[in-house]
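Report on the following structure.
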Amino acid sequence: MNRSQSIKELKIRFRNEPVNNNFNGNEWKLIRRIIISGIISIILLLIIYYTLPHTVLTVSSLIEYATIIALVIFLFILLIRYFGILFFSYFYMNEYTFKPTNGYKPFVSIIVPVFNEAPVLQKSISSLLNLDYKEYEIIIVNDGSTDDTKNVAEKFVGFQKAKYGKVKVSLINKPNGGKASALNLGIKVSKAEFVLCMDGDSILTPLSLKMAIRHFVNPEVGAVAGNVKVLNRKKFFTDLQALEYVEGLNMARGAQSAIRLVNIIPGPIGVFRRSAIQSVDYYSGDTFAEDADMTLRLISQGWKIYYEPKSISYTEAPVKLQQLLKQRYRWTRGIIQSIRKHKKLMLNPTIKFGDSFILWTMFYEALLWPPMNIAAHLFFIFAAIFFGFTSLIFYWWAALALLDIVAAIYCIAAEKEEFRLVGYAIIYRMVFILIIDICKAMSTIEEFLGIKMTWGKLERVG
Amino acid sequence: MELIPILSTIILVATISTFILAVGAYILYKIREGKVRVSPERKPEYLEAEYFVPREKKEHKVFIEEVIEPKPKANITVEGFEQVKPVSEKQTEFKYRVVDDLGDKTVVKPVSTNPVVMPKMKYEKYSLPTDDTVSKDSFHEEIKWR
């Protein structure tokens, strides 16, 4: 049959959504605030310095006591956070690991937003055609790619052979407008009650959709977050990220799911109820973390969000340090923008306690933890160089490494991941997390200073 | 020499190196980003997109004109109002018509070329209906339209 006869070409007219960001207008106001708070801090320090001789403490003893107390608090928070996450995620995983699927299989639209993903799109769509699910369609949204993505995507348009018959694959070619705009257009074109949003480079495992959709039998569930894993391994930074995804991100998501409040539905895989997306007026383009923003708005509307460990999506992680920093810079600023958008809910827990709780945890992870971690490391360097306490840094490292190794073994066993990743736990906190935290702290300062930023794009290797 | 001081020194050097690396890489990243920054351009309120969608099943329907062959003489005997001999299944021949084109897989349904024969059934005697539209008005004995 002639291809032009089998494919229909339509024109869609849609509203051009605003893309980032509304937080850059008051640079001078922010700088003024920082200067004033800095001056107040200096005045306070001077007061302490000049009044201290009138007390029983000396300056050196004050610094010593303050440092010890700060380190104890730091370790306490670290341990509470670790064991809290492991405890809750264990209960959640136990709840669903052995539970069979409930047979709930409604029609689902899979939205694949792509921007310069030509080398990886073939693999991505092939994985979608291999899903263990009957009723679904694929909508590829090409967000103004400048490479060969359009031609690669056009080859898939039609009824493609899948595991249980033919699957309809459509393509939308739109001018570049960002991921949120591409996802929104795809969702609006689709007619399904459930949509799976993913990245153009993500590869889904056959059970991904089937396992995620089972949670929607509960009408209160608005979205299900999937389990993201690193695809391109066997490289230094990608292996460290593989460990981070398992130990740092997925376990935390499992723990959050135990209280039905997952704070970020990851971009590489998230399944949504259409009515939930409509209730929050679709994805918003005014932050650099559209997934975090969408999740917070869903929670604020009272929707429950689950995490499904068996709904796996493999994604390409940054290989080079520069790419990694670019990605984390965007994540951090995007999360801070999302928190600022919902600060009213954060400051007033009586409106919605769950929302407030999740916002505070995000605030802690994005804003408080990185400076604390950097300060702790700086203290040990300072103590070793200026006071000769070199062994202190060893004990500090040994304690953290032991904690990370234990956590890594548990997480890797629970997720049936590669055991060789445990080895990376030795340098995980002292090297990888330190780099990430420095980037986070810098990004936070830039966000509060209102320095303009752009999306940036990870180069795909395929 | 003891092990702990050696390890401590290694960790100290590694931590300082990581600090320098992280800050250096961040500054380098910012310099690179600064070079590629473009001025924001005003975008139109509405945009247009192309939507390529495969034609739905209903639109793919292709019908081949049915060939109606002359009816073979039905082997029936008329006796009052009874029909006695149904056509046997063996005599039924099928011609095919395409009802739906699904790409590679074409769905076809058989069409019988034989005349449709009613199953054997009992007929009731036909009687003309009484003319209800016109009747006598018993009271006035006049013909009226109802």
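Convention: sequence-line order gives letters A, B, ...; per-chain numbering from 1.
When every heavy atom of B:Y26 is checked against every heavy atom of A:L325, the shortest pair comes out as N-CD1, 3.7 Å. Closest approach of A:I381 and B:L12 over heavy atoms only: CA-CD1, 3.9 Å. Looking at every heavy atom in both residues, B:P54 comes nearest to A:V169 through CD-O, 3.3 Å. When all heavy atoms of B:S8 and A:T390 are compared, the closest pair comes out as CB-O, 3.2 Å.
Between atom NZ of residue A:K174 and atom CD of residue B:E48 there is a gap of 13.0 Å, rounded to the nearest 0.5 Å. Atom-to-atom distance recorded for A:M430:CE and B:I11:CD1 is 6.0 Å, nearest 0.5 angstrom.
When each of A:K168, A:K161, A:H377 is scored by its heavy-atom pairs under 4.5 Å with chain B, the top score falls to A:K168. Here A:L378 is the residue among A:I139, A:L378, A:V189 with the most heavy-atom pairs under 4.5 Å with chain B.
Checking A:L185, A:L171, A:V141, A:I172 one by one against B:Y51, the side chain to side chain contact (heavy atoms under 4.5 Å, CB included) holds for a single residue, A:I172.
In terms of the side-chain contact (heavy atoms from CB on, under 4.5 Å) criterion, residue partners of B:E50 (sequence neighbours excluded) are, by chain and number, A:E9, A:K11, A:K150, A:N173, B:F52.
Contact annotation: the side chain of B:T15 approaches that of A:L434 to within less than 4.5 Å [non-hydrogen atoms, C-beta and beyond].
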For residues 391-403 of chain A, tabulate all N or O donor-acceptor pairs below 3.5 Å that involve a side-chain atom, not counting sequence neighbours.
{"from": "A:W397", "atom 1": "NE1", "to": "A:I426", "atom 2": "O", "distance (Å)": "3.1"}

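In this structure, no portion of B:I10 lies under 4.5 Å from any heavy atom of chain A. With a 4.5 Å cut-off on non-hydrogen atoms, A:I438 touches chain B through its side chain but not through its backbone.
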